[in-house]
Amino acid sequence: MSPREKYWLGVWNERHVFEPDPMPGKKKAFVTVPYPYMNGPVHVGTAFTAVRVEFYARFKRMQGYNVLFPWAWHWTGKSIVGMSQRLKKGDQSVRRGFVEVDGVPEREVEKFVEPEYLASYYTKVSRQVIKDTGFSIDWRREFRTVDPAYRKFVEWQYLRLRELGYVVQGTHPVVWCPFDKSPTGDADRSEGEGESPQEFSLIKFHLGEWALVAATLRPETIYGATNIWVNPEEEYSEARVDGELWVVSSSALLRLSEQKHEVTPVRSFKGTELIGRYAVAPLTDKSLPVLPGTFVDASFGTGVVYSVPAHAPYDLAALRDIQEGRLKAGRDAKEMADRIVPLPIISVDGYSQVPAADALRGHGIKDSMDAALEAATKEVYGDEFHRGVMTSASGPLSGMKVTEGKAKAVQLLDGTGRYGRMWELSEKVVCRCGTRCYVKVLENQWFLEYSNPEWKAKARRVIDKAAVRPEDARAWFNSTIDWLGDWPCARRSGMGTKLPWDPEWIVETLSDSTIYMAFYSLSKYVNGEKIAPESLEPELLDYVFLGKGNPASLSKAAGTTEKRVRDIHEEFSYWYPVDLRNSAKELIPNHLTFFAFHHAALFPERNWPRGIGVNGMIQVEGKKMSKSKGNFVTWRAALEKHGADGFRLALALTADGMDDADWRDRAAEDARSKVESVIPFVKESLRSAAKRDADMLDAWLLSSVHRRIVAVTEAMEGLRVRRAAAAAFLNTWNDIRHYLRRSEHPRAQTLQVVFDAWARLMAPFAPFMAEDLNRELGGKGLICQADWPSLKDFPVDEGAELAEAVVAKALEDARKVLKVVVGPRSKLNVYVSSDLTRQYFYELAAAKQKGEDVGQVVRKYSSAKIPPDRVFKLMYEVGSETLTKLLTHGNFDEFGTLDAASRFMSDELGVHVVVQKAGSPGTRDPGSRAKDALPLKPALFLE
RNA sequence: GCGGGGGUCGCCCAGCCUGGUCAACGGCGCGAGGCUUAGGACCUCGUCCCUUAGGGGUUCGUGGGUUCGAAUCCCACCCCCCGCACCA
């Protein structure tokens, strides 16, 4: 950190400039960003989202608002615990992540086996980097989501939600890790991302007194079944399942019992025992031989598969393995296999009668261990499912589409009593902890009932009433509200708050983060030890957040004063509702929508959020940022490399709205050098400035600054941060540069007021430099507490703007001419239009604009010898804005303007520029061009 | 598949809502010049094609349409990114 940065941080801190308390009567802005999850250090992505709120906070403060921007840390959840456990187990990749990516010293990593330590370490380093970046945060309100007071707050919230009937219990299949004893979401998996529980059909084949149970996704193919596969190497079990005697793989028993089936094992045996026996299929009553299939995975489904060689590439390949002797089978089994021919029951365009055979050929598959079988299977299943038709060989299904046949088959099978269901994953899923996952049916799971139509309607009204920035995001919110179903809001493991009425369950991490912005009012008192966490009983919180109950008796129960309790309620009432909550767009489908739902449920309408901001995701050098790709950029690393102001400005300039940002080192360096050259530029400019009266050019600069102030203000209100920063920094700078170049003697007083405004415009983005600049300019006090530039000090001067536009246009035309003309170029004659032409132009343009008869005007000025088309064309060319300015400033002195600028134009063009007025006596006009001059379009002639 | 956002002159990107001032802002890169002992930084000019007078031609994913006029409006299509849940 540079000494300058350190200095200003110290000043802001000493003067408590970012520690607001309620100021009744003063307008307020309460702005928030989701607390970051502390399983790692904050990174450039966190910064990109948070800095938008930081800019907005500083902007609003300068506009005279009492601004509260608080911060907190998310510890709730199982990821922190999971990482800690993996480290403990000796997982080197986790360790490397800590050390190499996050930059944690070895001696600290040792202590990360304690999850709380891990989180507290990252909290410590993250807090410091946010402070060093100069965020205008009120740290008095900081908390962690595992703090006792916060737990009390979450308990209160869930008690009230349950009373409202929004928390309900239900049963649900989940991907389950038996080691963690917890559902395993996508992020928790090392294998099998995107897999979710699928419902398989169970079909029972009679084998003596047993039901040999096969699992399938294609029950309609029962009509094409030719045999049954079991893996001779695997262990199978006889067991009583839901009152019947089943035979399935031993591993399937566990899964069945986890899926609410009543399972009592009887005995187990090797798969070989089943080989060569016959089992009877339902519906067709065919006796099918049981054959050895080494491709059968016992830990998938029931470990029993019925074979449909016409339509399943695996089955056909395995059958041929036996028939052609690649797989050793017993003599009986071999004979049984030899008698089997594929039995087609589905026809598909583009395939022969036996699609499986086509697929084997097409993929060059030789045996049942071929890796290409996976793809071949997908292909055949897909085509059959979408385009297949059941043939007459499929009995009652014949003529149906496959999709219909499937439903019909289920119905028929169910009627025989030889049908069941089982949840399964179609691909292998492995938990980060290394354990293979399966589907468990969770009972008595607690849900937030987001499917409730009344709740949905209310949430929708929250969004309708809120300002959503950018506006495009609103449609996404609305479709999310429609789509959202019940959300499991509690789980068994990880850090967090227990459900008060069912302490087996811990409130899930997204579900405890919905209305916590309200807690920032209270946390100030808790941190200041003005109220004890254990006294925060639900009734007291009802008063704090809802104004319900009697503060006198509540304060007594809480062991504090009535005034204290009233103060806390006042604090909440002052700051709430949230004026802006900003997050990255991937939080729309969950957090931000939950935020709307819960406010709708718990708070009266006046406390619903007023503003929601959404930004894009961040990429690094054009690629998605990830720890494994090695392009992970921590906030700390970026800050140290580019300095606080450079880092902030670079983030500001990288993207707007919901667009994804691209973090480029080069761009950040550029931003830094821009910030750093501001003050030298200002000093140098002031040194060469002169004391003189204001002229047209000074008026122009003030007018331009007026436009910039408007642009920055509007962009900031709309959270168009990139646009705002570009206008504040770059465009304003360009205006000043133009002024300096254009003016022979830049005026000190003009520069002083312009620089003063410029410093303020830049202050939200580059606060350190802005403070320095403010001091350099002799400003008293702190710029972060100064007023936003006032438009009154920068009057619009259309005449001056018009004058500059005319000069710029003349220069542009002259450059074009100089570019194409070869030949003499020592002198450029510029002819301003004559009074007659000018009068003609004005009247014609005015007539055209008003839609009046132009012919009359043309006839009146026929002596000007200018075709009206030229005038109309020019009108378009200059644009309605400039044209209107011209027509309303009838006394605009074009000749005077250009004549005064002739020296400047000579310098710019490198030729001597002579400005003359057409029609005045003694005009030198060797090319006889003067007559062609029009207002805003002087004629040119090069000699 | 469903939902959301996008495809602009080498690259990044503005413009699109409210059609004409759009060959199209700004930044990067590149070229020329200035400054400097030199380099860097900084400043100026140029950077679709053609053009010996400010002009012309062809462009804004593709194909149609509306209009005197379309990057901007309408329709169809193609392509890219993101989300799709027990997870922060």
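A, B, ... follow the sequence lines: proteins, then strands. Residue 1 opens every chain. Side chains are part of it too, since the values below use all heavy atoms of this structure and drop only hydrogens, waters and symmetry mates.
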Discussion item. Under 3.5 Å for both donor-acceptor distances, Watson-Crick or wobble: does B:rC17 have a partner, and if so which one?
Written reply: none

Practice prompt. Examine A:Y166 together with A:F597 and report whether their ring centres are nearer than 6.0 Å.
Written response: no

Discussion item. Taking the minimum atom-to-atom distance to the side chain of A:K937, which one of B:rA53, B:rA85, B:rG54 wins?
Written reply: B:rG54

Worksheet item: Just how far, in rounded Å, is P of B:rG3 from CG of A:L592?
Response: 21 Å

Item to complete: Tell me whether the guanidinium CZ or amine NZ of A:R492 lies under 6.0 angstrom from the six-membered ring centre of A:W505 and within 45° of its axis.
Response: yes

Practice prompt. Check whether any side-chain N or O of A:R737 sits under 4.0 Å from OP1 or OP2 of B:rC43, and answer yes or no.
Written response: yes

Practice prompt. Take atom CG of A:L883 and atom C1' of B:rG20, then tell me their distance rounded to the nearest Å.
Written response: 13 Å

Worksheet item: NA contact type, A:P680, heavy-atom cut-off 4.0 Å: base, sugar-phosphate, or nothing?
Response: nothing

Worksheet item: Rounded to whole angstrom units, what separation is found between the CG atom of A:N615 and the P atom of B:rG6?
Response: 15 Å

Item to complete: Report which part of the nucleic acid A:A939 touches: base, sugar-phosphate, or nothing (heavy-atom distance under 4.0 Å, all strands).
Response: base

Worksheet item: When all nucleic acid strands are considered with a 4.0 Å heavy-atom cut-off, which category describes A:E908: base, sugar-phosphate, or nothing?
Response: nothing

Worksheet item: Given that both distances must come in under 3.5 Å, which nucleotide forms a Watson-Crick or G-U wobble pair with B:rU37?
Response: none

Fill in: Donor-acceptor pair, side chain of A:Q169 and main chain of A:N444, under 3.5 angstrom
yes

Worksheet item: Of the nucleotides B:rC28, B:rG4, B:rC82, which has the atom closest to the A:A475 side chain?
Response: B:rG4

Worksheet item: Which nucleotide in the set B:rG46, B:rC12, B:rC28 lies at the smallest distance from any side-chain heavy atom of A:R815?
Response: B:rG46

Item to complete: Identify whether any heavy atom of A:D662 sits under 4.0 Å from a base atom; if not, whether one sits that close to sugar-phosphate; answer base, sugar-phosphate or nothing.
Response: nothing

Item to complete: Could you please name the partner base of B:rG83, counting Watson-Crick and G-U wobble pairs only when both distances are under 3.5 Å?
Response: B:rC2

Worksheet item: Contact class for A:F941 vs. all strands (heavy atom < 4.0 Å): base, sugar-phosphate, or nothing?
Response: base

Worksheet item: Mind checking the P distance from B:rG7 to B:rC12? Whole angstroms is fine.
Response: 11 Å

Practice prompt. Write down the distance separating the C1' atoms in B:rU72 and B:rA24, rounded off to the nearest Å.
Written response: 12 Å

Discussion item. Using whole Å, what does the distance between atom P of nucleotide B:rC28 and atom CG of A:L653 come to?
Written reply: 11 Å

Discussion item. Please check if the number of heavy atoms outside A:K498 that lie under 6.0 Å from its NZ is greater than 12.
Written reply: no

Practice prompt. Measure up the A:Y158 and A:H598 rings against each other and bin them: parallel (under 30°), tilted (30 to 60°), perpendicular (over 60°).
Written response: tilted

Discussion item. Work out how far the C1' atom of B:rC25 is from that of B:rC16, and round it to whole angstrom.
Written reply: 14 Å

Item to complete: Look through every strand shown and name the nucleotide pairing with B:rC73 as Watson-Crick or G-U wobble, where both distances are under 3.5 Å.
Response: B:rG65

Fill in: Distance, C1' atom - from B:rC43 to B:rU36, rounded to whole angstrom
13 Å

Worksheet item: With a 4.0 Å cut-off on heavy atoms, is A:G485 in touch with a base, just the backbone sugar-phosphate, or nothing at all?
Response: base

Worksheet, complete the sentence: The residue, A:R929 or A:D670, whose nearest nucleotide of RNA chain B is more 5′ is A:D670

Discussion item. With ring pair (Phe, Tyr, Trp, His ring centres under 6.0 Å) as the test, pick out the partner of A:W487 among A:F594, A:W455, A:Y450.
Written reply: A:F594

Discussion item. Give me the distance, rounded to whole Å, that separates B:rG69 from B:rC77 when you measure between the P atoms they each carry.
Written reply: 27 Å

Worksheet item: Can you tell me if the side-chain N/O atoms of A:R741 get under 4.0 Å from OP1 or OP2 in B:rC45?
Response: yes

Item to complete: Quick one: sort the A:H738 and A:F904 rings into parallel, tilted or perpendicular, breaks at 30° and 60°.
Response: perpendicular

Worksheet item: If the C1' atom of B:rG19 is compared with that of B:rC68, how far apart are they to the nearest Å?
Response: 12 Å

Worksheet item: Can a salt bridge be assigned to the pair A:E195 and A:R189 using a cut-off of 4.0 Å between side-chain N and carboxylate O?
Response: no

Discussion item. Are A:F447 and A:S511 packed together at the side-chain level, in the sense that at least one heavy-atom pair is separated by less than 4.5 angstrom?
Written reply: no

Practice prompt. Indicate, with a heavy-atom threshold strictly under 4.0 Å, whether A:N734 touches base, sugar-phosphate, or nothing.
Written response: nothing

Practice prompt. Check every atom of B:rG4, B:rG54, B:rA53 against the side chain of A:V820 and return the nucleotide holding the closest atom.
Written response: B:rA53

Worksheet item: If we call it a pair only when both distances are under 3.5 Å in a Watson-Crick or G-U wobble match, what pairs with B:rG26?
Response: B:rC12

Item to complete: Select from A:D660 and A:L940 the residue whose nearest nucleotide in RNA chain B is closer to the 5' end of that strand.
Response: A:L940

Worksheet, complete the sentence: Looking only at B:rC42, B:rC82, B:rG46, the nucleotide nearest the A:S673 side chain is B:rC42

Worksheet item: For A:R720 and B:rG15, is the shortest distance between a side-chain N/O and OP1 or OP2 below 4.0 Å?
Response: yes

Discussion item. Within the 4.0 Å heavy-atom criterion, would you say A:L818 contacts the bases, only the backbone, or no part of the nucleic acid?
Written reply: nothing

Fill in: Options B:rC82, B:rG5, B:rC43, nucleotide nearest the side-chain atoms of A:M658
B:rG5

Worksheet item: Can you find a side chain N or O atom of A:R723 that sits less than 4.0 Å from OP1 or OP2 on B:rG15?
Response: yes

Discussion item. Can you check the distance between B:rA23 and B:rG56, where both ends of the measurement are the P atom (answer in whole Å)?
Written reply: 10 Å

Fill in: Between C1' of B:rC82 and CG of A:N590, the distance in whole Å
13 Å

Practice prompt. Find the distance A:R708:CZ to B:rC25:C1' and express it as a whole number of Å.
Written response: 11 Å

Item to complete: Using the ring pair (Phe, Tyr, Trp, His ring centres under 6.0 Å) rule, pick out the option among A:Y122, A:F632, A:F48 that qualifies with A:H43.
Response: A:F632

Discussion item. Students often get this wrong, so: under 4.0 angstrom with heavy atoms, is A:S511 touching a base, only sugar-phosphate, or nothing?
Written reply: nothing

Worksheet item: Nearest to the side chain of A:K819, which nucleotide is it out of B:rU47, B:rU44, B:rA85?
Response: B:rU47

Item to complete: Return the nearest nucleotide to the side chain of A:D472; candidates are B:rG6, B:rA14, B:rG46.
Response: B:rG6

Worksheet, complete the sentence: In whole angstroms, the gap separating C1' of B:rG5 from CH2 of A:W476 amounts to 7 Å

Worksheet entry | Minimum-distance nucleotide to A:K816 side chain [options: B:rG54, B:rG46, B:rC28] | B:rG54

Discussion item. What contact category does A:D656 fall into here, base, sugar-phosphate, or nothing, at under 4.0 angstrom with non-hydrogen atoms?
Written reply: nothing

Discussion item. Taking the P atom in each of B:rC22 and B:rA71, what is the distance between them to the nearest angstrom?
Written reply: 13 Å

Worksheet item: To the nearest Å, how far apart are A:K623 NZ and B:rC82 P?
Response: 14 Å

Worksheet item: The side chain of A:E586 lies closest to which of these nucleotides: B:rA53, B:rG83, B:rG55?
Response: B:rG83

Worksheet item: Across the strands shown, which category fits A:S196 at heavy-atom distances under 4.0 angstrom: base, sugar-phosphate, nothing?
Response: nothing

